[in-house]
Amino acid sequence: MNVGFLGLGLMGQPMAVNLARAGIPLVVWNRTPGRCDPVRAAGAEVATSPEEVLRRARVSILMLADESAMDTVLGRGTPRFAGNVAGRVIVHMGTTSPGYSAGLEADVLAAGGGYVESPVSGSRRPAEEGRLVAMLAGRAGTVEEVRPLLRPMCAEAFDCGPVPGALLMKLAVNVFLITTVTGLAEAVHFARGHGLDVHRLREVLESGPMASDVSRTKAAKLVREDFTAQAAIADVLKNNRLIAEAARERGLASPLLDVCHALFGETLALGHGAQDMAAVIHALENRTATLRPDPT
């Protein structure tokens, strides 16, 4: 039976390509039709509307930008919603608030459908290489039905209990990711400010106990000043906001994240929203510029 995929953005497109290349009968849709071309070339069929995908597929994967886009695509709040989800499984692989996902699950189940949360950890390159890490939440039987579809896209998949456990786990992972990359950007900024060889800094970091795929990838981007997006500033800022909201709901302190939130917001305001998250270094540079006295 067909599998649907809706949302072929920075992450969704390579994920869908990997599904198609694995021989899964895939039907896809994207608001910007040109984004469908690489997936069509990999063997997928392209639908003319979200409803066509939902009606043709037993399982439909959503990798959409935000909650509004998901509601629109599913027809939530309209008479079309029940027909789009009844007898089908909706897999939410994007990042939204945990509360939104819990409410969507309730609506899908009430309409006679199944629902699985499966956000992923990783950026564009792991998506291209099928090395994402998935977190799964939902009813056990529905999760097991979806699990095999993750194999072409994900190196690992971890059970996280009922909804919204997977999204909460994704936000916890992103606390570490966001603060780590921000700290790395500050390290490079500090080294440059002292006239150090940043290439040597990268070598030291890559040889030490703090080295990871993230540090290697982002250090290379910072040293080369290559900010081609793997995870864009605007998207990271959205994730940061979701984490902050979830922390406040439980009365949890998040001081490191709060600093990062400010820095990513400043980076966006400086016009770097479409650049990679490593571009947060621009906010640090801008702050430094305001500290230095005017030479005139």
Side-chain angles (χ1 to χ4, degrees), residues 1-76 78 80-81 83-85 87-96 104 108 113-132 134 145-146 148-155 228-236 238-239 273-276:
M1 186 170 288
N2 289 326
V3 172
F5 202 108
L6 300 113
L8 303 174
L10 190 67
M11 296 287 290
Q13 187 188 75
M15 292 165 68
V17 166
N18 284 334
L19 283 171
R21 286 175 176 168
I24 291 170
L26 199 64
V27 183
V28 303
W29 174 88
N30 192 71
R31 185 178 59 181
T32 305
R35 300 287 302 174
C36 299
D37 293 344
V39 193
R40 179 192 285 113
E45 295 183 56
V46 177
T48 59
S49 68
E51 189 167 88
E52 180 186 347
V53 174
L54 295 164
R55 296 301 176 98
R56 290 178 61 184
R58 160 65 182 168
V59 177
S60 286
I61 295 168
L62 276 62
M63 195 66 180
L64 296 164
D66 53 35
E67 298 164 4
S68 175
M70 289 184 63
D71 286 346
T72 299
V73 160
L74 293 172
R76 193 177 180 203
T78 74
R80 296 183 293 109
F81 179 73
N84 286 338
V85 304
R88 296 167 176 83
V89 176
I90 302 301
V91 185
H92 173 17
M93 294 194 76
T95 306
T96 62
L104 179 58
V108 170
Y115 183 82
V116 173
E117 261 183 9
S118 186
V120 292
S121 180
S123 59
R124 174 82 183 190
R125 183 179 297 175
E128 292 171 341
E129 296 171 352
R131 294 189 299 106
L132 296 168
E145 180 178 354
V146 168
L149 296 177
L150 302 180
R151 291 179 187 136
M153 302 181 285
C154 303
T228 306
Q230 294 175 331
I233 288 287
D235 294 331
V236 175
K238 182 192 83 168
N239 276 262
Q275 293 185 337
D276 188 76

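For the atom pair CG of Asp66 and OG1 of Thr96, the computed distance is 9.5 Å after rounding to the nearest 0.5 Å. Residue Ile90 holds its CD1 atom at 11.5 Å from CZ of Arg76, rounded to the nearest 0.5 Å. Rounded to the nearest 0.5 Å, atoms CG (Leu26) and CG (Leu19) are 5.5 Å apart. We find the CG-CG distance between Asn18 and Leu150 to be 12.5 Å, quoted to the nearest 0.5 Å. To the nearest 0.5 Å, atom CE of residue Met93 and atom CG of residue Leu62 are 11.0 Å apart.
Taking each heavy atom of Gly4 and Val53 in turn, the nearest pair found is CA-CG1, 3.5 Å. The minimum heavy-atom distance between Met15 and Ala127, with the atom names listed, is CG-CB, 4.3 Å. Looking at every heavy atom in both residues, Met63 comes nearest to Gly94 through SD-N, 3.8 Å. Heavy-atom minimum distance, Ile24 versus Pro152: CD1-CG, 4.0 Å. Here the shortest heavy-atom pairing between Arg88 and Leu54 reads NE-O, 2.7 Å. Looking at every heavy atom in both residues, Gln230 comes nearest to Ser123 through O-CB, 3.5 Å.
The 12-atom threshold is not exceeded at CZ of Arg31, counting heavy atoms of other residues, nucleotides or ligands nearer than 6.0 Å.
No donor-acceptor distance shorter than 3.5 angstrom exists from the side chain of Asp276 to the backbone of Ala232, with no hydrogens or angles considered. Proximity of a side-chain donor or acceptor of Thr32 to a complementary backbone N or O of Gly34 within less than 3.5 Å is not detected. A donor-acceptor pair is defined here as one N or O able to donate and one able to accept, closer than 3.5 Å; no such pair exists between the side chain of Asn30 and the backbone of Arg35. Side-chain N or O atoms of Arg21 include none that pairs as donor or acceptor with a backbone N or O of Gly43 at under 3.5 Å.
Contact annotation: the side chain of Val120 never approaches that of Met153 to less than 4.5 Å [non-hydrogen atoms, C-beta and beyond]. Residues Thr72 and Leu64 form no side-chain contact, since every pair of their non-hydrogen atoms from C-beta on lies 4.5 Å or further apart. The side-chain heavy atoms of Val59 and Val116, taken from C-beta on, include no pair separated by under 4.5 Å. Put simply, the side chain of Val91 does not reach to within 4.5 Å of the side chain of Leu149, judged on heavy atoms. The shortest side-chain heavy-atom distance between Trp29 and Val73 falls under the 4.5 Å cut-off.
If you check the side chains of Arg55 and Asn84, you find a donor sitting under 3.5 Å from an acceptor.
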Original post:
Hey, mind stepping through Val108 and Phe81 against side-chain contact (heavy atoms from CB on, under 4.5 Å) and telling me if it holds?
Top reply: CA-CA 9 Å; Val108 170; Phe81 179 73; 3.9 Å; yes
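Scored by the side chain to side chain donor-acceptor pair (under 3.5 Å) test, Glu52 finds Thr48, Arg56 as partners (sequence neighbours excluded).
A salt bridge (charged side-chain N to carboxylate O under 4.0 Å, His left out) with Glu128 is found for one member of Arg125, Arg131, Arg124 and no other, namely Arg124.
Using a cutoff of 4.0 Å between basic side-chain nitrogens and carboxylate oxygens, Asp37 and Arg40 are scored as salt-bridged.
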